[in-house]
Protein chains: 2
Amino acid sequence: MTKCSEIRQPLREELFLPRVLHALSDPVRMEIVLKIARAGQVACGAFDIPMPKSTLSHHFKVLRESGVVASRREGNELINSLRLEDLETRFPGVVQAIIAAGSR
Amino acid sequence: MTKCSEIRQPLREELFLPRVLHALSDPVRMEIVLKIARAGQVACGAFDIPMPKSTLSHHFKVLRESGVVASRREGNELINSLRLEDLETRFPGVVQAIIAAGSR
DNA sequence: CGTCCAATTCGAGTTTTATCGAACTATCTT
DNA sequence: AAGATAGTTCGATAAAACTCGAATTGGACG
């Protein structure tokens with residue numbers, strides 16, 4: 001039965017700037033975020049980062065719990081996207097500027 | 001005579017975005033940065049943060065080493081300022097947006 | 001059902017970070 | 001030179017974070 005996953009992600013009002021910045025302060029996670037930003041939607045498995053899946057999963061967890069990334073199940077993979085609307089509403093310009101700077 | 005201090009601070013080209021974000025990901029340091037942003041120049045002693053001086057000093061060190069803050073000696077106190085020019089040059093909009101969001 | 005596939009969870013090991021008090025350095029003042 | 005003030009450095013401790021392999025969950029499909 002498709003029980004909708006309990007991927008806990010903070011509500012928009014719960015977003016906390018230091019937590020978001022911490023999530024983005026790791027180079028691996030920054031790379032993940034940049035790839036999602038470029039592609040729009042990326043499954044967890046689509047990152048060719050030389051690293052065990054458990055470690056990658058940890059980084060996705062941090063990104064999710066900080067509210068940077070939203071993940072939804074589709075078949076048997078997780079599709080990740082950036083929560084740009086929520087982030088821009090709460091912290092206008094911050095994530096956009098970071099992505100732009102990181103992409104240079 | 002004011003001997004030029006040996007406070008090591010990274011050159012503009014050495015600024016590293018994840019390091020900057022990490023520096024800003026601590027609530028205490030964020031508070032420090034916001035106060036400097038408001039006042040322009042603030043001595044280390046001017047922060048009424050209920051915390052030992054050694055701990056505060058640690059946070060200033062992190063801010064300095066990440067390149068967020070510049071400190072110069074003036075008499076027997078250290079005056080702190082934000083390295084906005086360098087930061088904006090390397091990471092346009094990032095720190096500005098963070099300060100604006102943090103000030104809300 | 002059994003198997004494959006995607007991703008998470010668990011447990012452990014290592015590293016980094018935050019915090020604090022005590023001792024120290026540098027500068028100014030008298 | 002002595003004392004006061006502003007910050008830093010040191011050493012220790014505790015909490016948090018990153019990494020990894022092994023075991024596990026959830027869904028798709030024959």
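Every chain is numbered from 1, with letters handed out A, B, ... down the list of sequences.
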Cut-off 3.5 Å, no hydrogens considered: what does the side-chain donor-acceptor table look like for residues 96-104 of chain B, sequence neighbours left out?
residue: B/Ser103; atom: OG; partner: B/Ile99; partner atom: O; Å: 2.6
residue: B/Arg104; atom: NH1; partner: A/Arg90; partner atom: O; Å: 3.2
residue: B/Arg104; atom: NH1; partner: B/Ala101; partner atom: O; Å: 3.3

Return a table of donor-acceptor pairs under 3.5 angstrom between the side chains of residues 18-40 of chain B and protein atoms on other chains or two or more places apart.
residue: B/Ser25; atom: OG; partner: B/His22; partner atom: O; Å: 2.7
residue: B/Asp26; atom: OD1; partner: B/Val28; partner atom: N; Å: 2.8
residue: B/Asp26; atom: OD1; partner: B/Arg29; partner atom: N; Å: 3.2
residue: B/Arg29; atom: NE; partner: B/Ala23; partner atom: O; Å: 2.7
residue: B/Arg29; atom: NH1; partner: B/His59; partner atom: ND1; Å: 3.1
residue: B/Arg29; atom: NH2; partner: B/His22; partner atom: O; Å: 3.4
residue: B/Lys35; atom: NZ; partner: B/Ala46; partner atom: O; Å: 2.9

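Side chain of B/Thr55 to main chain of B/Met51: no donor-acceptor pair is present (N/O by atom type, distance under 3.5 Å, no hydrogens or angles). Side chain of B/Glu77 to backbone of B/Cys44: no donor-acceptor contact under 3.5 angstrom is found.
Going from atom NZ of B/Lys61 over to atom C1' of D/dT9 covers 8 Å, rounded to whole Å. As a whole-Å value, the separation of B/Asn76 CG from D/dA6 P is 7 Å. One atom, CZ of B/Phe60, and another, C1' of D/dG7, lie 10 Å apart when rounded to the nearest Å. Distance B/Leu78 CG to C/dT25 P: 17 Å, rounded to the nearest Å. To the nearest angstrom, C1' of D/dG7 lies 8 Å from CZ of B/Arg64. The distance from atom CD1 of A/Ile79 to atom P of D/dG27 is 15 Å, rounded to the nearest whole Å. One interatomic measurement links the two molecules: CD of B/Glu74 to P of D/dT5, which rounds to 20 Å at whole-angstrom precision. As a whole-Å value, the separation of A/Glu65 CD from D/dC18 P is 12 Å.
Each of B/Ser54 and A/Pro52 has a nearest nucleotide on DNA chain D; the 5'-most of these lies closest to B/Ser54.
Considering only the side chain of B/Cys44, D/dG7 comes nearest among D/dG7, C/dC28, C/dA6. For B/Lys53, counting side-chain heavy atoms from C-beta on, the closest listed nucleotide (D/dT9, D/dG7, C/dA7) is D/dG7. Closest to the side chain of B/Arg73, from the set D/dC20, C/dT27, C/dG21, is C/dT27.
Applying the side chain to side chain donor-acceptor pair (under 3.5 Å) test to A/Glu65 and every residue at least two apart in sequence or in another chain returns A/Arg8. Contacts of B/Asp86 classified as salt bridge (charged side-chain N to carboxylate O under 4.0 Å, His left out), with partners at least two apart in sequence or in another chain: B/Arg12, B/Arg83. The ring pair (Phe, Tyr, Trp, His ring centres under 6.0 Å) test applied to B/Phe91 returns no partner, not counting sequence neighbours.
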Between protein and nucleic acid, restricted to nucleotides 15-18 of chain C and to nitrogen or oxygen atoms under 3.5 Å apart, what atom pairs and distances do you find?
residue: C/dA18; atom: OP1; partner: B/Arg29; partner atom: NH1; Å: 3.2
residue: C/dA18; atom: OP1; partner: B/Arg29; partner atom: NH2; Å: 2.9
residue: C/dA18; atom: OP2; partner: B/Arg29; partner atom: NH1; Å: 3.3
residue: C/dA18; atom: OP2; partner: B/His58; partner atom: NE2; Å: 3.0

